[in-house]
Engineer: 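Input: one structure, supplied below.
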Amino acid sequence: MRFKLTLNKLYAWSLVSYERVVMLDSDNIFLQNTDELFQCGRFCAVFINPCIFHTGLFVLKPSMDVFKNMLHELAVGRENPDGADQGFLASYFPDLLDQPMFHPPANGTKLEGTYRLPLGYQMDASYYYLKLRWSIPCGPNSVITFPSAPWFKPWYWWSWPVLPLGLSWHEQRRENLGYSSEIPVVLIQAVLYIGVIAVTRLARPSLSKMCYNRRMEKSTMFLLSLLRVVVAWSILAAYTIPFFIIPRTVHPLLGWPLYLLGSFSLSSIVINIFLLHPFSVLTTWFGIVGALFVMSFPWYLNGVVRALVVFAYAFCCAPLVWASLVKTMSSLQVLVERDAFRLGEPNQNAEFTKLY
């Protein structure tokens with residue numbers, strides 16, 4: 001399903017009104033002008049795998065004969081290892097590895113035949129993360145690609161600062177396309193979250209009455225177990241719901257603040273309804289904020305040091321999160337036992353003991 005539309009790339013061969021076409025995926029970042037690519041031959045691509053070229057960027061000479069032949073090969077079921085454009089084109093141009101390296105002619109003439117493009121036209125972002133700088137000696141360092149896990153593509157707001165180069169991709173999108181489709185949704189969500197914080201703060205005495213079943217016939221232990229389950233799921237929902245309703249392709253510098261605002265507002269509901277200690281519930285929230293600062297710190301020596309620091313932070317933060325959860329569950333037990341004691345008082349008002 002992920003690759004069901006990638007064979008649309010083959011339509012690039014039908015663009016016969018152009019002399020050359022540079023086909024590229026949307027997860028590319030251009031570091032410099034690459035007009036020289038239009039001088040390459042009838043098909044040119046980069047090998048970032050030792051044996052299989054990458055179709056994130058390739059140059060082609062449009063031809064209806066080639067296009068029709070490709071459609072015929074698809075119809076007869078040509079061998080395609082991955083079912084996508086990568087496998088099909090690798091089988092359609094099986095001898096590309098044996099072709100000469102592309103070096104643009106100084107006089108600007110266009111080449112014929114097939115060529116291998118230098119690695120600098122499809123630099124794997126993982127090469128950068130190792131040293132937090134580029135060290136690709138062969139060819140111009142022109143284009144970055146992100147052949148990573150699908151959920152960490154650079155257009156997702158959560159990919160930065162997990163993967164630092166994601167911010168560079170968003171900066172190029174901001175300069176070219178903008179975020180007009182996502183901004184209204186972001187503003188609406190931000191206003192709703194601020195409203196939730198204000199309402200839960202003002203309505204705290206009323207909300208707290210909904211917490212506990214005060215009827216005598218209910219078991220205290222059963223009530224405690226039920227409350228623990230409800231509170232645990234409520235806290236989990238407070239940190240997960242905002243993540244899934246934020247527009248996925250919004251700029252990270254908008255996405256992360258909106259997520260933090262949303263998780264804070266939903267956590268405030270949990271705190272006020274169940275009369276929990278704010279710091280215990282918000283320990284995870286502070287931990288996320290700290291993790292963002294640790295990952296986005298710009299002065300690491302290299303990627304290995306950065307990874308070790310992030311791991312150390314997570315190792316130190318995990319016990320605090322666990323302790324806050326234990327403290328939250330303990331506070332529930334105290335509240336339930338206190339209310340059960342109050343229910344035993346002889347002068348308890350029937351109006352007071354009903355289920356709010």
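These figures come from a predicted structure and were not determined experimentally.
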Engineer: Between Thr249 and Trp155 (side chain of the first, backbone of the second, donor and acceptor by atom type, cut-off under 3.5 Å), is there such a pair?
Structural biologist: no
Engineer: Sub-3.5 Å donor-acceptor pair from the side chain of Arg78 to the main-chain atoms of Ser91, do we have one?
Structural biologist: yes
Engineer: More than 12 heavy atoms of other residues, nucleotides or ligands under 6.0 Å from CZ of Phe264: is that the case?
Structural biologist: no
Engineer: Is there a side-chain hydrogen bond (donor to acceptor under 3.5 Å, both in side chains) between Asp124 and Ser126? Walk through the geometry before answering.
Structural biologist: CA-CA 5 Å; Asp124 191 329; Ser126 60; 3.0 Å; yes
Engineer: Under 3.5 Å, is there a donor-acceptor pair between the side chain of Lys327 and the main chain of Phe279?
Structural biologist: no
Engineer: Using 30° and 60° as the class boundaries, would you call the ring planes of Tyr259 and Trp256 parallel, tilted or perpendicular?
Structural biologist: perpendicular
Engineer: Can you tell me if Glu36 uses its side chain to pair, donor with acceptor, with the backbone of His103 under 3.5 Å?
Structural biologist: no
Engineer: Ignoring hydrogens, what is the shortest heavy-atom contact between Pro154 and Ser159? Give both atom names and the distance.
Structural biologist: O-OG, 3.5 Å
Engineer: Once the angle between the rings of Phe102 and Tyr115 is folded into 0 to 90°, is it parallel (under 30°), tilted (30 to 60°) or perpendicular (over 60°)?
Structural biologist: perpendicular
Engineer: Is there a donor-acceptor contact under 3.5 Å from the side chain of Gln39 to the main chain of Pro104?
Structural biologist: no
Engineer: With side-chain hydrogen bond (donor to acceptor under 3.5 Å, both in side chains) as the test, would you mind laying out the steps for Asn28 and Gln122 before giving the verdict?
Structural biologist: CA-CA 8 Å; Asn28 283 303; Gln122 280 287 267; 2.8 Å; yes
Engineer: Give me the ring orientation class for Phe47 and Phe53: parallel if the planes are under 30° apart, tilted from 30 to 60°, perpendicular past 60°.
Structural biologist: perpendicular
Engineer: Any ion pair linking Arg248 and Glu182 (charged N to carboxylate O, less than 4.0 Å)?
Structural biologist: no
Engineer: Quick check against the 3.5 Å criterion: does Arg20 have a side-chain atom that pairs as donor or acceptor with the backbone of Cys40?
Structural biologist: yes
Engineer: Is it the case that the side chain of Asp95 and the backbone of Asp98 share a donor-acceptor pair, with hydrogens and angles ignored and the cut-off at 3.5 Å?
Structural biologist: no
Engineer: Mind checking whether Phe88 and Leu7 have side chains closer than 4.5 Å, heavy atoms only?
Structural biologist: yes
Engineer: Verify the ring-centre separation between Phe243 and Trp157: is it less than 6.0 angstrom?
Structural biologist: yes
Engineer: Looking at Glu79, I want to see if its CD is surrounded by more than 12 non-hydrogen atoms of other residues, nucleotides or ligands under 6.0 Å.
Structural biologist: no
Engineer: Any salt bridge between Asp25 and Lys9, counting N to O under 4.0 Å?
Structural biologist: yes
Engineer: Tell me if the OH atom of Tyr18 is crowded by more than 12 foreign heavy atoms within 6.0 Å.
Structural biologist: no
Engineer: Using side-chain heavy atoms (C-beta onward) and a distance below 4.5 Å, is Trp285 in contact with Tyr239?
Structural biologist: yes
Engineer: How would you list all residue pairs meeting salt bridge (Lys or Arg N to Asp or Glu O under 4.0 Å) that involve residues 101-110, not counting sequence neighbours?
Structural biologist: Glu19-Lys110
Engineer: Do Leu258 and Gln189 come within less than 4.5 Å of each other through their side chains, counting heavy atoms only?
Structural biologist: yes
Engineer: So, is the end of the Arg174 side chain (NZ or CZ) under 6.0 Å from the ring centre of Tyr179 and within 45° of the ring's axis?
Structural biologist: no
Engineer: A quick test of your reading: do over 12 heavy atoms of other residues, nucleotides or ligands sit less than 6.0 Å from CH2 of Trp134?
Structural biologist: yes
Engineer: Could you check if a side-chain atom of Phe58 sits within less than 4.5 angstrom of a side-chain atom of Leu89, using non-hydrogen atoms only?
Structural biologist: yes
Engineer: With distance as the sole test, does Asn176 use its side chain to make a donor-acceptor pair with the main-chain N or O of Gln172 at under 3.5 Å?
Structural biologist: yes
Engineer: Give the ring-plane orientation class for Phe297 versus Trp299, where under 30° counts as parallel, over 60° as perpendicular and anything between as tilted.
Structural biologist: perpendicular
Engineer: More than 12 heavy atoms of other residues, nucleotides or ligands under 6.0 Å from NZ of Lys153: is that the case?
Structural biologist: yes
